[in-house]
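Note that ligands are numbered from 1 as they come in the structure, with each ligand's atoms numbered from 1 the same way. All of these numbers come straight from a predicted model, not from anything done at the bench.
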Amino acid sequence: SSADAPPTENRAFEADVARLLQLMVHSVYSERDVFLRELISNAADACEKLRYEAIASPGLLGDDPKARITIAIDAEAKALSVEDNGIGMGRDEMVEALGTIARSGTRAFVERLQGGEANAGAQLIGQFGIGFYSAFMVAERVEVISRRAGAVETWRWSSDGKGTFSIAPAEPVEAPARGTRVVLHLMEDAKSYLERHTVERVVREQSGHVPVPIAIVEKPGAEPAEIADGAALWAKPRTEVTAEEHKDFYRSVAGQFDEPALTVHYRAEGRHEYTVLLYVPSTRPFDLFEPDRKGRIKLYVKRVFISDDVEILPRYLRFVRGLVDSADIPLNVSREMIQESPVLGAIRNAVCGRVLSELEKLAEKEPKTYTKIWDAFGAVLKEGLYEDFGRRDTLMGLARFHSTSDSKGWRSLKDYVGALKPNQTAIYYITGDDQARLEASPHLEGFRARGIEVLLLTDQVDSFWVTAGAAFDGKPFKSITRGAADLSLIPVLDAKDDTKPEASPAIDAFVAFMKTTLGDAVADVKVSDRLTDSAVCLVASASGLDRQLERMLASAGRLPTASK
Ligand code: ADP
Ligand code: MG
């Protein structure tokens, strides 16, 4: 290297990275194949970033315009490398990208570890993959040699994963002409990754459909042999894609290891032309409720990756993964302009409608699979009940609830309305944190006595949408812990429970006594037909806040704690 080049610099990893690495080095994983998927996915991302930058600066492609990923085996040196001719990294980019944790999924993962879930953590790595650092599951030393597209300088990052890494200029002859090579010096017990068939199997299983071709070089000097063609899965006709292919592609695009519960793959033609390939996962990723968690739908324009930052689906569908590939959005506009473009607006609207209608279809045809989706993501979908008034009826139809009904399991509002009692004009609910506690509430007594079903709402989000003027089939939602429960018109099932309050001087005297004794602690004391066994219960006023919402706001410090 030249005389004025900076010398080797040693740096410590960010504390969270060090912890993460320590966990990986000191545990045994059944799913460590994921490291290869992570490196290939980074290589493919780098190629896609270059393709995007080359729209504005075609010179970056030089005389090597075709993206490629090459996996090379050097059995003698016990080294496996993954190389791409993508965007590459400069020195500062390397320090930033390979020494800290930027990935929100990884960040959430580390936070869970800090919460004391170290053992669960070891298993979670296998389930989720954690990006570049997963290389240390199989390598005792990792080297990254890179040249940024358009740059002359080359850099080498190196680490044994034990707390520090070094960064220094690399010999230009050793570096790729453009892009990045990640070299893994494999641990003794990871030598199976020096066998071609193992590598091929893992690539086929996990990365067979990344949109960049992948070749393998069996030994130093051998000819590269293509093992995946980089054909975009979504461009194939729908009927030609197998469930197995969808599963693999879902895993590589979503970074999850479950199976998609629902696949939405179609081509829209007409005013706008685009292809949609979306998946609804079957399990809940652990960063679902991170406030800054973004949707992860990738936007392509004619197979060129543009961004995964553009909002395509509304927040309440943020669990959906996949991509949209548009033929109409002009390639030369900036990401910001794309976000505002009317074409994207139209696509957004249509895709959201389609996802919801596919969910409706699934709920009807495969209620079991749908229930799985609702179990995992119902609490998120319900955010749409107050965020997307235009689609509220659809979302109401998709919503499922636990209730006091004898039929166990999820109930739809259609089920509820189908079981209304004579003269019942409202949909009754109670909110709280815990289903068992709700079921034991004395507020339910008068409703049970009449066989009136009450919805048991236990998600935080419930307190928001039920109070936002929600109704279904013309029936308003009514809290049973708020206001008067006028049950007098609905007959009781068993005469001994008939609690019709009789007007009697003794009761009047008791109510008057309670009012004077409790004074300002309560707004009013009333005779009610909502109880059968209990003598009294606390009720919020019809115009006041719902009790659960009041508790939530109080615990978030937004209200003075409600007096007991
Ligand atoms: P993620 O891919 O989710 O961002 P990773 O841990 O896999 O997280 O990678 C961290 C970062 O390292 C990437 O965002 C990217 O900036 C950089 N990086 C990793 N591999 C490459 C590569 N082959 N080419 C260019 N940049 C890379
Ligand atoms: Mg990655």
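- Tyr266 carries Arg354 over the face of its six-membered ring, with the cationic atom under 6.0 Å from the centre and within 45° of the normal.
- Val138 has its side chain within reach of Tyr193: a pair of non-hydrogen atoms, C-beta onward, lies under 4.5 Å apart.
- Under a cutoff of 6.0 Å and an axis angle of 45°, Arg400 and Trp374 do not form a cation-pi pair.
- Within the 2.8 Å limit, Ser41 places no N, O or S atom next to the Mg ion (ligand 2).
- Taking each of Ala97, Ala44, Gly99 in turn, the one with a heavy atom nearest to atom 10 (C) of ligand 1 proves to be Ala97.
- Each of the atoms 24 (N), 25 (C) of ligand 1 lies under 4.0 Å from some heavy atom of Ala46.
- Ligand 1 has at least one atom lying under 4.0 Å from a heavy atom of Met89.
- Listed by first then second residue, pairs satisfying side chain to side chain donor-acceptor pair (under 3.5 Å) with a partner in residues 207-232 read Arg196-Glu218, not counting sequence neighbours.
- If you number the atoms of ligand 1 from 1 as listed, the ones under 4.0 Å from a heavy atom of Gly131 come out as 5 (P), 6 (O), 7 (O).
- Under 4.0 Å from ligand 1, the heavy atoms of Asp84 that appear belong solely to its side chain.
- When heavy-atom distances to ligand 1 are checked against a 4.0 Å cut-off, Leu98 comes that close only through its side chain, counted from C-beta outward.
- Inclusion of Asn42 in the set of residues having an N or O under 3.5 Å from an N or O of ligand 1 is warranted.
- Which of Thr180, Val17, Asp45, Asp308 comes nearest to atom 24 (N) of ligand 1 through a heavy atom is settled by distance: it is Thr180.
- In terms of the salt bridge (Lys or Arg N to Asp or Glu O under 4.0 Å) criterion, Glu76 has no residue partners (sequence neighbours excluded).
- Taking the ring centre of Tyr316 as origin, the terminal cationic atom of Lys382 falls outside the region bounded by 6.0 Å and 45° from the ring axis.
- Closest approach of His246 to Val241, counting heavy atoms only: NE2-CG1, 3.4 Å.
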